[in-house]
Each structure stands twice: as C-alpha cells, then as structure tokens.
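Values reported hereafter were calculated over all heavy atoms of this structure, with side chains retained and with hydrogens, waters and symmetry mates removed.
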Amino acid sequence: MALLGLSSMRHVRSVVPSLLSSPEVFLRPMTTSSAANFDIKKRLKRNRRPVKRLEKPRLAGEDGVEFRPVRTDAAPQEIDPSVFYDGVIHKFVNQMMIHGEKALSQQIMSRSFLIIKRKQLEKYDKASEEKRADIELDPKKIFHEAIENLKPMMGFSVVKRGGKVYMVPIPFPDARRRYFAMDWLIDTVRGKSKIGQRMEDRLSSEILAAYNHDGKAIQLKNDFHRMAYNNRAFAHYRWW
C-alpha cells in the first residue's frame with residue numbers, strides 16, 4: 001500500500017464496497033484461478049524428472065540360482081550373540097536373586113560351578129580308565145542335565161465347577177516346566193539349614209544330586225506327578 005499513490009488508493013476504496021455488495025461477485029465462476037492452477041500443474045508435470053527404481057539386490061549361488069533377501073522377524077530378547085551367555089543360567093540367577101542383589105546371585109552360581117568342577121575332577125582321578133569316559137566334567141552341562149531331570153511332565157490347574165474346586169491335570173509348556181524345576185531346586189537349597197555350610201556348597205550338592213536323579217528336589221517332582229496322577233479322574237474338566 002505504500003507504493004500506491006493517493007489517487008489509486010481512493011479508487012480502490014470506492015470500488016471495493018460496491019463489488020462486495022453485488023451478488024454477482026460470489027456467483028461468478030473463478031475461471032482465471034482454475035486456469036492458472038491447471039497451467040501450474042502442466043508446468044510441474046513437464047519439469048518432473050523420471051524416478052529411477054532401485055532393483056532388489058540378488059545373490060547368485062554356486063549353481064547359478066538367484067537368491068533374494070527374505071524379510072525375517074527380530075531375534076528374541078533372551079538371545080545374546082556372546083558365546084559366554086547362557087539363557088537358562090541367566091534365568092536361574094534372576095530367580096535365585098533376592099532384594100535385587102544380582103551380583104551376589106552370580107557369585108553364588110559361579111562358585112557352585114567351581115565346586116562341581118572340583119568334585120568331578122576328584123571323582124575322575126579316582127576312577128578307572130573304563131569309567132572315566134562316563135564322568136562329565138563340564139559344570140554347565142551338569143546343570144542343564146539337572147534342570148532337565150527336574151522338569152515335570154504334567155501339572156494341574158484349579159477349575160471351579162458346580163461350586164466345587166477340582167485339580168485338573170494338564171500338560172505344561174516348556175517355560176512353565178523350567179520354572180517349576182528351578183523353583184524346586186532353589187527351595188530345596190534354601191530349606192537346608194546347616195550350620196557352617198554356605199549357599200554355594202548346598203547348591204552344588206543339590207545340582208549333582210538332581211543330575212544323578214536323586215535328592216529332595218527330585219522327590220518334590222515325584223510328589224507333583226503323584227498328585228496329578230491321583231486327580232486323573234477330573235481330566236475331562238479341562239475342556240469344559
């Protein structure tokens with residue numbers, strides 16, 4: 001408005017109110033603006049560059065067969081690329097932990113493995129040449145075998161029918177079976193109240209006992225199976 005003269009400003013002020021008062025302004029089609037928009041679209045379309053599509057990378061095998069990359073899901077959270085990581089031992093350490101003292105739980109686990117290693121080496125030195133092949137020296141393999149021996153095959157769930165509570169035997173998934181095995185092992189170790197005996201000593205002895213299908217934790221597993229077997233008459237309530 002500063003560039004316009006006084007005469008032109010007076011002309012605009014006199015013309016605008018008359019144009020707004022007439023209804024033809026609002027009913028007249030806006031041909032100039034639509035034509036301008038169409039002209040702009042034509043120019044943009046004319047000046048648009050062709051987009052080059054990137055081809056997917058292909059890998060040629062030994063036989064000349066072409067392979068395409070396959071989309072896969074993300075790895076589970078418990079999988080770790082380290083060769084020193086063990087998911088079962090990690091879960092056992094977390095389950096044995098109290099009041100967030102994970103470092104203490106890890107120390108107890110490592111000391112238990114050291115005691116198991118010493119006991120198995122003493123047994124290996126005293127054994128004959130024929131029996132040495134059957135003696136396992138790796139404490140991690142002994143621990144995994146003990147957990148497998150403690151896993152229950154069947155369990156039971158609480159079902160209410162007709163105002164009564166029934167213990168219905170059901171098969172457990174692998175994660176639930178592993179939880180019961182670890183829980184029985186930890187409860188057995190904590191229940192052994194012997195003066196002058198450390199936690200790692202009790203844990204190592206109980207792991208070796210479970211490895212040989214013996215010990216109090218194995219008895220808890222057998223009692224659990226016996227309870228599920230005694231309630232087999234209520235198995236049909238599982239599908240009700």
Anything under 30° is parallel, anything over 60° is perpendicular, the rest tilted; go ahead and classify Tyr85 against His90.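 Correct class here is tilted.
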Identify, with sequence neighbours excluded, every residue that meets salt bridge (Lys or Arg N to Asp or Glu O under 4.0 Å) alongside [X].
X: Asp174; result: Lys151, Arg177, Arg178
X: Asp223; result: Arg226
X: Glu129; result: Arg132

Out of curiosity, [X] [atom1] to [Y] [atom2], how far, rounded to the nearest 0.5 Å?
X: Arg198; Y: Arg202; atom1: CZ; atom2: CZ; result: 10.5 Å
X: Ser157; Y: Phe172; atom1: OG; atom2: CZ; result: 7.5 Å
X: Lys119; Y: Ile135; atom1: NZ; atom2: CD1; result: 15.0 Å
X: Asp187; Y: Glu206; atom1: CG; atom2: CD; result: 11.0 Å
X: Asn149; Y: Ile207; atom1: CG; atom2: CD1; result: 12.0 Å
X: Leu203; Y: Phe92; atom1: CG; atom2: CZ; result: 5.0 Å

[X], [Y]: one ILVMFWY side-chain cluster at the under-4.5 Å cut-off?
X: Phe143; Y: Ile186; answer: yes
X: Leu137; Y: Tyr211; answer: no
X: Ile98; Y: Met199; answer: no
X: Phe180; Y: Met227; answer: yes

Set out, in order, the CA-CA distance, both residues' side-chain angles and the distance that settles side chain to side chain contact (heavy atoms under 4.5 Å, CB included) for Leu208 and Gln120, then state yes or no. CA-CA 9 Å; Leu208 287 172; Gln120 292 299 102; 3.7 Å; yes
So with a 6.0 Å cut-off around OH of Tyr166, is the heavy-atom count from everything else above 12?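 Atom OH in Tyr166 is packed in, count exceeds 12.
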Within the 6.0 Å centroid threshold, strictly below: Phe156 and Phe224: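 Yes, the ring centres sit under 6.0 Å apart.
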N/O donor-acceptor pairs under 3.5 Å from side chains in residues 101-112, not counting sequence neighbours:
residue: Lys102; atom: NZ; partner: Asn94; partner atom: OD1; Å: 3.3
residue: Ser105; atom: OG; partner: Val93; partner atom: O; Å: 2.9
residue: Ser110; atom: OG; partner: Gln106; partner atom: O; Å: 3.2
residue: Ser110; atom: OG; partner: Gln107; partner atom: O; Å: 2.9
residue: Ser112; atom: OG; partner: Ile108; partner atom: O; Å: 2.7
residue: Ser112; atom: OG; partner: Glu200; partner atom: O; Å: 3.4

Give the minimum heavy-atom separation between [X] and [Y], together with the two atoms involved.
X: Ile116; Y: Pro139; answer: CG2-CB, 4.1 Å
X: Leu150; Y: Trp184; answer: O-CZ3, 3.4 Å
X: Ala209; Y: Gly215; answer: CB-CA, 4.0 Å
X: Ile115; Y: Ser204; answer: CG2-OG, 3.4 Å
X: Ala181; Y: Ile147; answer: CB-O, 3.8 Å
X: Asp214; Y: Ile218; answer: O-CG1, 3.5 Å

What residues form a side-chain contact (heavy atoms from CB on, under 4.5 Å) with Asp138, not counting sequence neighbours?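 For Asp138, the residues satisfying side-chain contact (heavy atoms from CB on, under 4.5 Å) (neighbours in sequence not counted) are Glu136, Lys140, Lys141.
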List in chain and number order the residues that pass side-chain contact (heavy atoms from CB on, under 4.5 Å) with Arg118, two or more places apart in sequence or in another chain; answer none if no residue qualifies. Leu114
Hey, are the side chains of Asn230 and Met167 touching, using non-hydrogen atoms and a 4.5 Å cut-off? no
List the steps and the verdict of side chain to side chain contact (heavy atoms under 4.5 Å, CB included) for Val88 and Met182. CA-CA 10 Å; Val88 179; Met182 294 180 180; 3.6 Å; yes
Kindly indicate, with the supporting measurements, whether the criterion side chain to side chain contact (heavy atoms under 4.5 Å, CB included) is fulfilled by Phe113 and Ile89. CA-CA 11 Å; Phe113 284 163; Ile89 297 175; 3.8 Å; yes
Does the side chain to side chain contact (heavy atoms under 4.5 Å, CB included) test come out yes or no for Arg190 and Met96, once each step is laid out? CA-CA 10 Å; Arg190 286 176 181 165; Met96 187 173 56; 4.1 Å; yes
Would you confirm whether Asn231, through its side chain, and Pro169, through its main-chain N or O, come within 3.5 Å as a donor-acceptor pair? no
